[in-house]
2 protein chains.
Amino acid sequence: MKPTATRERILDAAERLFAERGYDGASLRAITGQARVNLAAVNYHFRSKRALMRAVFARRLEPLNQKRLALLETCMAARANGPPDLERLVEALVAPAFRMGEQSTGDAAALRKFMGWVLVDPGVQIERVLAEQFHEVALHFVAAFRRALPDLPPEELFWRIHFSIGAMASVLTGAPFLKIASGGRLDTSDVDGVVQRLVAYISGGLRAPLASGRRRRRGPPGGSGAS
Amino acid sequence: MKPTATRERILDAAERLFAERGYDGASLRAITGQARVNLAAVNYHFRSKRALMRAVFARRLEPLNQKRLALLETCMAARANGPPDLERLVEALVAPAFRMGEQSTGDAAALRKFMGWVLVDPGVQIERVLAEQFHEVALHFVAAFRRALPDLPPEELFWRIHFSIGAMASVLTGAPFLKIASGGRLDTSDVDGVVQRLVAYISGGLRAPLASGRRRRRGPPGGSGAS
DNA sequence: GTCTATATGGGGATAGAC
DNA sequence: GTCTATCCCCATATAGAC
């Protein structure tokens, strides 16, 4: 077997099994079994299971973010003067995540699930990897969104980006509540259609008018704002 | 010790530990230890760890959904004729999840995290519980949203509700990407403020204009898509 | 680089006394 | 209803031969 092939096989199998069973649910035995590789190979090529996890994630995140930046450049170039088109911007952020792995050997659906799962699960603790690889992309997109939505206060924009990634991630993972609300009538296999809907939804959310000052438990008219 | 107290103590401890460590990360030994209850008590009062998990979830979901329905009634009563106010509708769906456990003994932050986590994680397999308890609420809310957004095709509405719950869930869990995009500048402790922002965002998303028919990979004029 | 074999520890579940 | 003690399985990680 080609020396470097082992490493890739482990990454492929780990990706699939992490997606299917979660971090704890995917044992190294299962991973090495599916990769048809020796159990000890994991601890040789990677240092530990957690390190393997981070490697699986990092391998996908880098090209994903490059794709995003490339699309972002296109958006900005198309509107050299004036604000960029918001829908295109959102698409540049969202679509690459749904196109991942389409031409690789692995299971594209599993890959999407894995990525969404990693984004949402606070227990995975890939913040470091995420922060390193995502920081540049975040900066560029935040700047672009600011130009597209100049009236939105920065703090509000951050929150809305957060909501948007959450909406995207829940679709990637295949969260279970979808089939309940719809009675199972939704077609999740039409990736293009989902991306299109998601882009429309997120753009609408980003463009929403600012909430009026209504607060729950607002102070009475006399204005005793202390709390 | 009061007989029924044990059961509650287990539920409280399990809720906290599931929220902090996830399902696999929270061992029965840790749970019973924190509840200061014997290890075997879990398998006596519940049948298994999974059943305990479902019980933890169900205990919160029922009053949560009752609260939602009560708020929904208020919305509909306020606009007996004509469509209900969308923002109020969204608030009725979202706000109760963020108010959970405010007057109970447990850790409210942990509870929110747990609920969001359960919603998003497809591996938890609480679909049955979710379906049973959520079905009635889903029907009512879908009907109300339909009245508020009469021009939205049903399928589109289902998708958008799904996106909305995803956005909500990612806030509940405290997903990690928030602090990355913002550089840690966001105040997550202001629950009222977050709910307000979330309501505005979701309402905007629900109201978004339908995506035009643009599709990726429409037949290219010269079409050398090979790679 | 790859294998076998094993160290070491934790997990969920249960039997049976009280 | 509650406890102790234990069964039995599986996990990650590593040592050391090849």
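To find a chain, count down the sequence lines: A is the first, B the second, and so on, and within it residues start at 1. Remember, predicted model here, so these are calculated numbers, not experimental data.
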Requested in this report: Identify which nucleotide among dA11(D), dT2(D), dG12(C) has an atom closest to any side-chain atom of Tyr44(B), counting heavy atoms from C-beta outward.
Outcome: dT2(D)
Query raised in the report: Can you tell me if the side-chain N/O atoms of Asn38(B) get under 4.0 Å from OP1 or OP2 in dT4(D)?
Result: yes
Query - Presence of Asn43(B) side-chain N/O under 4.0 Å of dG12(C) phosphate oxygens OP1/OP2 - result: no
Query raised in the report: Would you say a side-chain N or O of Thr6(B) is under 4.0 Å from OP1 or OP2 of dT2(D)?
Result: yes
Requested in this report: Sort out for me which residue in Asp190(B), Val194(B), Val195(B) forms a side-chain contact (heavy atoms from CB on, under 4.5 Å) with Asp192(B).
Outcome: Asp190(B)
Query raised in the report: Roughly how many Å is it from CD1 in Ile31(B) to P in dA13(C), rounded to a whole number?
Result: 11 Å
Query raised in the report: Does Ser27(A) make a side-chain N or O approach to OP1 or OP2 of dC10(D) shorter than 4.0 Å?
Result: no
Requested in this report: Please state how far atom NE2 in His45(A) lies from atom C1' in dT14(D), giving the value in whole angstrom units.
Outcome: 16 Å
Query raised in the report: Has the side chain of Arg9(B) got a donor or acceptor atom that lies under 3.5 Å from a matching backbone atom of Ala35(B)?
Result: yes
**Report entry** Closest-nucleotide ordering on DNA chain D, the 5'-leading residue of Arg47(A) and Ala30(A)
**Finding:** Ala30(A)
Report task. Between dT2(C), dA13(D), dG11(C), spot the one nearest the side chain of Arg29(B), thanks. Result -> dG11(C)
Requested in this report: Check every strand shown and say whether Ala40(A) touches a base, only sugar-phosphate, or nothing at a heavy-atom separation below 4.0 Å.
Outcome: base
Query raised in the report: Over how many whole Å does the gap from Phe46(B) atom CZ to dA13(C) atom P extend?
Result: 13 Å
Report task. Could you tell me whether Arg59(A) and Glu8(A) have a side-chain N and a carboxylate O separated by less than 4.0 Å? Result -> yes
Query raised in the report: Between atom NZ in Lys49(B) and atom P in dC9(D), what is the gap in whole Å?
Result: 19 Å
Query - Partner set under ring-ring contact (aromatic ring centres under 6.0 Å, His included) for Tyr201(B), not counting sequence neighbours - result: Phe163(A)
**Report entry** Separation of atom CG in Leu39(B) from atom P in dT4(D), rounded to whole Å
**Finding:** 10 Å
Query raised in the report: Which class fits the ring pair Trp117(A) and Phe114(A): parallel under 30°, tilted 30 to 60°, perpendicular over 60°?
Result: tilted
Query - Value in whole Å for how far the P atom of dC9(D) lies from CG of Leu28(A) - result: 21 Å
Query raised in the report: When the distance from CG of Asp24(B) to P of dG10(C) is rounded to whole Å, what number comes out?
Result: 17 Å
